Peer 1: 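Encoded as structure tokens, here's the structure I'll be asking about.
Numbering of ligands and ligand atoms starts at 1, following listing order. Keep in mind that what you see is a predicted model, and the values were worked out from it rather than measured.
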Amino acid sequence: MSGEKKKALFICLGNICRSPIAEGVFQKTVNDMKLGDQWEIDSAAIGGWHVGNPPDWRALDTMKKHDVPYNNHARQITTEDFNHYDFIFGMDEANMKDLSKRAPKGSKAKLLLFGDFDPQGDRIIRDPYYDSDAVGFEKCYQQSLRCSKGFLESLQK
Ligand code: 4NP
């Protein structure tokens, strides 16, 4: 492909559970499709509580289990992100509301609910942070895999 890379940013509340999984899975999906050099991919938080931290151990365990490499740390979304990225994905309706509020007027990025690309129609990637087990993290992985493929397919239409 010629021209600029496409840029995708994955957002959740803390950037330690859902958006790192979405980022890692999307990166692995494009790498497996030999499209890795066509994409710039990152993730970020709505809130600043976990800035600089690695993902929750259950997110890291889930990615390891599925051979998804991950070595990023949490950061908070910036105003510049809205004009740098082509696509900014939220995980739930609260993320979408926060993104709309923060987006500068006329900014470039399309604000998309990641779950809208799930062919099974499971639209919300629920926050598993306060769960007492890792089941919600596995579910987040499965949703991210379906949504990554679904989104990439939607670009070809
Ligand atoms: P995430 O989960 O948004 O999927 O990363 C959360 C992580 C931390 C907090 C909330 C949600 N928190 O309130 O600290």
Peer 1: Asp92 vs Asn95, test: side-chain hydrogen bond (donor to acceptor under 3.5 Å, both in side chains). Steps then yes/no.
Peer 2: CA-CA 5 Å; Asp92 59 26; Asn95 295 163; 3.3 Å; yes
Peer 1: Below 4.0 angstrom from a heavy atom of Leu13, which ligand 1 atoms are there? Numbered from 1 as shown, please.
Peer 2: 3 (O), 10 (C)
Peer 1: Identify whether the distance between the nearest side-chain nitrogen and carboxylate oxygen of Lys108 and Asp86 falls below 4.0 Å.
Peer 2: yes
Peer 1: Counting both backbone and side chain atoms, is some N or O of Pro128 under 3.5 Å from an N or O of ligand 1?
Peer 2: no
Peer 1: Look at the rings of Trp39 and Phe87 and say which category their plane angle falls in: under 30° parallel, 30 to 60° tilted, over 60° perpendicular.
Peer 2: tilted
Peer 1: May I ask whether Met91 places a heavy atom under 4.0 Å from ligand 1?
Peer 2: no
Peer 1: What I want to know is whether Ile16 and ligand 1 share at least one N or O pair that is separated by under 3.5 angstrom.
Peer 2: yes
Peer 1: Of the protein's non-hydrogen atoms, which lies at the shortest distance from atom 1 (P) of ligand 1, and what is that distance?
Peer 2: Cys12 SG, 3.4 Å
Peer 1: Of all the atoms in ligand 1, which lie at a distance below 4.0 Å from a heavy atom belonging to Tyr130?
Peer 2: 12 (N), 13 (O)
Peer 1: Using a 4.0 Å heavy-atom cut-off, say whether Asn15 meets ligand 1 through its side chain, its backbone, both or neither.
Peer 2: backbone
Peer 1: Does the pair Gln27 and Tyr70 meet the rule for a side-chain hydrogen bond (donor to acceptor under 3.5 Å, both in side chains), with working shown?
Peer 2: CA-CA 10 Å; Gln27 181 73 66; Tyr70 197 82; over 6 Å; no
Peer 1: Of the protein's non-hydrogen atoms, which lies at the shortest distance from atom 14 (O) of ligand 1, and what is that distance?
Peer 2: His50 NE2, 2.7 Å
Peer 1: Any carboxylate oxygen within less than 4.0 angstrom of a Lys/Arg side-chain nitrogen, looking at Arg102 and Asp81?
Peer 2: no
Peer 1: Between Lys28 and Asp32, does any NZ, NE, NH1 or NH2 come within less than 4.0 Å of an OD or OE carboxylate oxygen?
Peer 2: yes
Peer 1: Could you check whether the rings of Phe89 and Phe26 sit parallel, tilted or perpendicular, using 30° and 60° as the cut-offs?
Peer 2: tilted
Peer 1: Once you restrict to heavy atoms under 4.0 Å, what part of Asp127 touches ligand 1? Side chain, backbone, both or neither.
Peer 2: side chain
Peer 1: Output yes when the distance from some N or O of ligand 1 to some N or O of Ser19 is under 3.5 Å, and no in every other case.
Peer 2: no
